[in-house]
Amino acid sequence: MVDSQDNNQHNTPAGKEESKSAVSRNQMRELVEESFQHLREGDVVRGTVVAFNDNDVVVDIGFKSEGIIPRSEFTGRDGKLTVKPGDEVDVLVERFDEMLGEIRLSRERAAKMRVWEVLETAYRDGSPVRGKVVERVKGGLAVDIGVRAFLPGSLVDLRPTRRLEDYVGEEVEAKIINFDRRRANVVLSRKVMLEAQISTLKDETLTHLEEGTIVTGTVKNITDYGVFIDLGGIDGLLHVTDISWGRVGHPSEYFKVGDEVKVVVLRVDKEKERVSLGYRQRFEDPWTHVEGRYPVGKKVAGKVTNVVDYGAFVELEEGVEGLIHVSEMSWTKKVKNPKSLLHPGQEVEVVITEVDIDKRRLSLSLRQAEPNPWEEFATRVRVGSKVKGVVRNLTEFGAFVELEPGVDGLVHVSDMAWTRRLTHPSEVVQKGQEIEAMIIAMDIPNQRISLSIKELMPNEWDEFANSHQVGDEVEGFVTNVTDFGLFVELASGVEGLCHISEVERRGTQPLVGTFERGQRVRTRLIRIDWNEKRIGLSLRGIPQPELGEKTPVVELEAEEIAVERVPEQDNEAPRTTETAPAEGKPAAPAEGEPAAPAEGESAAPDASEPHES
């Protein structure tokens, strides 16, 4: 019993020590297993930097064992560590050994894992992400959002843009529209996010827009017909006609893209989301005071803004324009092309000739701002004055003569000769010829002057009539043979008519068979009409030159006519006895012949009724 007790007493301490050692190993194993039971390779955990050496950085991740990370993952470009003991970092468990309790960590892989998780969450939630454009690639832009993402060119802005290079280096905000973590593919859209923002902003803007209010916007685009202004989510149109009260050549003269302007809301259509804006409505209409500031007859200065075929527009002040018609440009020239006198931007002086407030029109005159040569000419001459001039133009009815620069007169064809019959003015004057004439009429307001050449020439008819009287016998030459009588030239420019009733003839033989042009005849004056300038003749009872005598060649109307021998009459034929017509009454015309004019007339009257013999 003692031995047994002694043995027990002797063996008890050693047994206890072995038992404690076994428990300690078991507990350690359990603790290690417990510390690793929630840690798996590929997990991202947060740890604290506790120490570092030449190769590694030691990180406590809250487990029994500490992990190590290559020092290179914490080294900056300058070669220095970017962390210090106590800093917290996210790390990824790459590998751990349960038996040795060794844990291998990676900071870089943890960062990438964390980025992918954040991006996936943003993709699912539709949240925007921010990144920096690193370069332009085919079809779009490459954006760094923690990983390399692709932003298509068509989704960079609301409208397609050609200069994608301008975005390189810029930070952009976009939404993820395609996400594939396995293929590391991320596609972004900035347009989707902008559309959502603008839609929200547009609704807010439309609720506050009211007609007549003044709002501030930014010039977004400029076209030929107007300016588009961003009011905040919605664009308003400022039409070119609402930019200024005056003439606007192009909207770019007043605005440029990016300008901040204040405009008046003219109309709002919330259903169609259209807004019409006005810029000139911010200022007073200058036509309100036009009638008082620009009365008719006032001489003012202005600037030519536009030249057209029918005249030129002149701006008197901003918003007030008038028209100089082509007929009001010069006293002395017939302006066919206004551009030959005026050009845009030219300063001119004009006179107000008409004001129409309702139609917003001003009529101007350029020539009335200068002395009128017609009025000056009228102060130096009067009707009856003798003037000189140069023939500038010939027409069928007369000749235009320039008396002074800008002052023309007309010589009518009837005022070129007293008695000579003219078919065209060129028979008397030629273009470019200098002539003398007398002023017989003046109409200065209508710029008309009538001239006469014959007033400065002797009057052949008056001279003949003064030197002869009724009953005188004179010789002349037949100039025309008609059914009603003979026209006889008595002197140069003097012609008389011998009515058929005053010609002795056989039976109803026509005159054309007895007389011919150029034949010499002897006549008696039976009528001299001073008012009508007509002379009546008679051949009755007057011996005529022998019919066989050869007549001379006479000058008729500037033409030499060779007079042929008059055919001899049949002397053996019995002479028909005719009853002499009563004094002053013409003989009856032959059957089928037209009636002759009255005796002494040089033009045929209405001969619808025959005269009795």
Side-chain angles (χ1 to χ4, degrees), residues 114-211 213 215-223 226-238 257-263 265 267-277:
R114 182 69 69 185
V115 168
W116 281 105
E117 291 174 359
V118 171
L119 294 179
E120 186 173 4
T121 302
Y123 171 65
R124 292 175 179 174
D125 296 343
S127 303
V129 295
R130 295 186 65 85
K132 186 176 183 179
V133 179
V134 293
E135 63 176 331
R136 177 176 179 174
V137 295
K138 184 178 180 180
L141 300 171
V143 184
D144 182 8
I145 56 173
V147 297
R148 190 180 179 89
F150 176 64
L151 176 58
S154 60
L155 302 178
V156 172
D157 207 339
L158 294 173
R159 294 181 177 85
T161 177
R162 295 181 179 180
R163 294 189 55 84
L164 295 177
E165 304 86 11
D166 295 342
Y167 289 89
V168 176
E170 299 290 332
E171 282 197 1
V172 296
E173 191 173 29
K175 284 188 177 182
I176 301 174
I177 58 174
N178 190 15
F179 184 85
D180 189 340
R181 182 170 181 175
R182 183 174 60 85
R183 295 183 178 180
N185 182 29
V186 179
V187 181
L188 306 176
S189 174
R190 184 168 175 263
K191 180 179 179 180
V192 172
M193 189 192 67
L194 293 176
E195 288 176 342
Q197 292 176 352
I198 288 177
S199 178
T200 302
L201 188 58
K202 181 191 297 183
D203 294 339
E204 294 179 0
T205 302
L206 284 174
T207 57
H208 295 89
L209 284 180
E210 294 183 3
E211 295 182 2
T213 58
V215 295
T216 302
T218 304
V219 176
K220 191 173 182 180
N221 190 25
I222 298 176
T223 65
V227 180
F228 288 94
I229 298 178
D230 184 5
L231 304 176
I234 186 171
D235 292 345
L237 174 61
L238 172 59
V257 175
D259 284 352
E260 189 174 280
V261 295
K262 290 184 178 181
V263 289
V265 178
R267 290 175 297 277
V268 180
D269 188 337
K270 295 185 178 181
E271 294 181 357
K272 296 182 179 179
E273 297 182 349
R274 293 180 179 176
V275 181
S276 298
L277 306 174

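Small disclaimer: the values here were computed from a predicted structure and weren't measured.
- The side-chain hydrogen bond (donor to acceptor under 3.5 Å, both in side chains) analysis of residues 182-194, with sequence neighbours excluded, yields no pairs.
- In this structure Ser199 satisfies the side chain to side chain contact (heavy atoms under 4.5 Å, CB included) test together with Asp203, sequence neighbours excluded.
- Annotation: side chain to side chain contact (heavy atoms under 4.5 Å, CB included) contacts of Thr200 (sequence neighbours excluded): Glu204.
- Counting only heavy atoms from C-beta outward, the side chains of Val129 and Leu188 approach each other to under 4.5 Å.
- Residue pairs meeting the side-chain hydrogen bond (donor to acceptor under 3.5 Å, both in side chains) criterion with at least one member in residues 133-153, sequence neighbours excluded, are Glu135-Arg148, Arg136-Glu165.
- Aromatic ring centroids of Tyr123 and Trp116 lie 6.0 Å or more apart.
- In this structure, the separation between CD1 on Ile145 and CD1 on Ile176 is 5.0 Å, given to the nearest 0.5 Å.
- Contact between Ile229 and Leu277 at its shortest, heavy atoms only, is CB-CD1, 4.0 Å.
- Side chain of Ser276 to backbone of Arg267: no donor-acceptor contact under 3.5 angstrom is found.
- Note on residues 268-277: pairs passing salt bridge (charged side-chain N to carboxylate O under 4.0 Å, His left out), not counting sequence neighbours, are Lys202-Glu273.
- Scanning both residues, Leu141 and Leu164, for their nearest heavy atoms gives CD2-O, 3.6 Å.
- The closest side-chain heavy-atom distance from Leu155 to Val192 is not below 4.5 Å.
- Closest heavy-atom contact between Leu209 and Val268: CB-CG2, 4.3 Å.
- Between Asp157 atom CG and Glu195 atom CD the span is 10.0 Å, to the nearest 0.5 Å.
- In terms of heavy atoms, Gly233 sits closest to Ile198 at O-CG2, 3.2 Å.
- Atom NZ of Lys220 sits about 4.0 Å away from atom CZ of Arg159, to the nearest 0.5 Å.
- Legend: residues meeting side chain to side chain contact (heavy atoms under 4.5 Å, CB included) with Thr223, ordered by chain and number and at least two apart, are Asn221, Tyr225, Phe228.
- With Asp230 as reference, Asp235 is the one residue of Asp235, Thr205, Leu201 to meet the side chain to side chain contact (heavy atoms under 4.5 Å, CB included) rule.
- Thr161 contributes atom OG1, which lies 5.0 Å from atom OH of Tyr167 (distance to the nearest 0.5 angstrom).
- With Val275 as the fixed residue, the side chain to side chain contact (heavy atoms under 4.5 Å, CB included) test singles out one of Val265, Val215, Leu238: Val265.
- The two atoms that bring Pro128 and Met193 nearest to each other are CB-SD, 3.9 Å, heavy atoms only.
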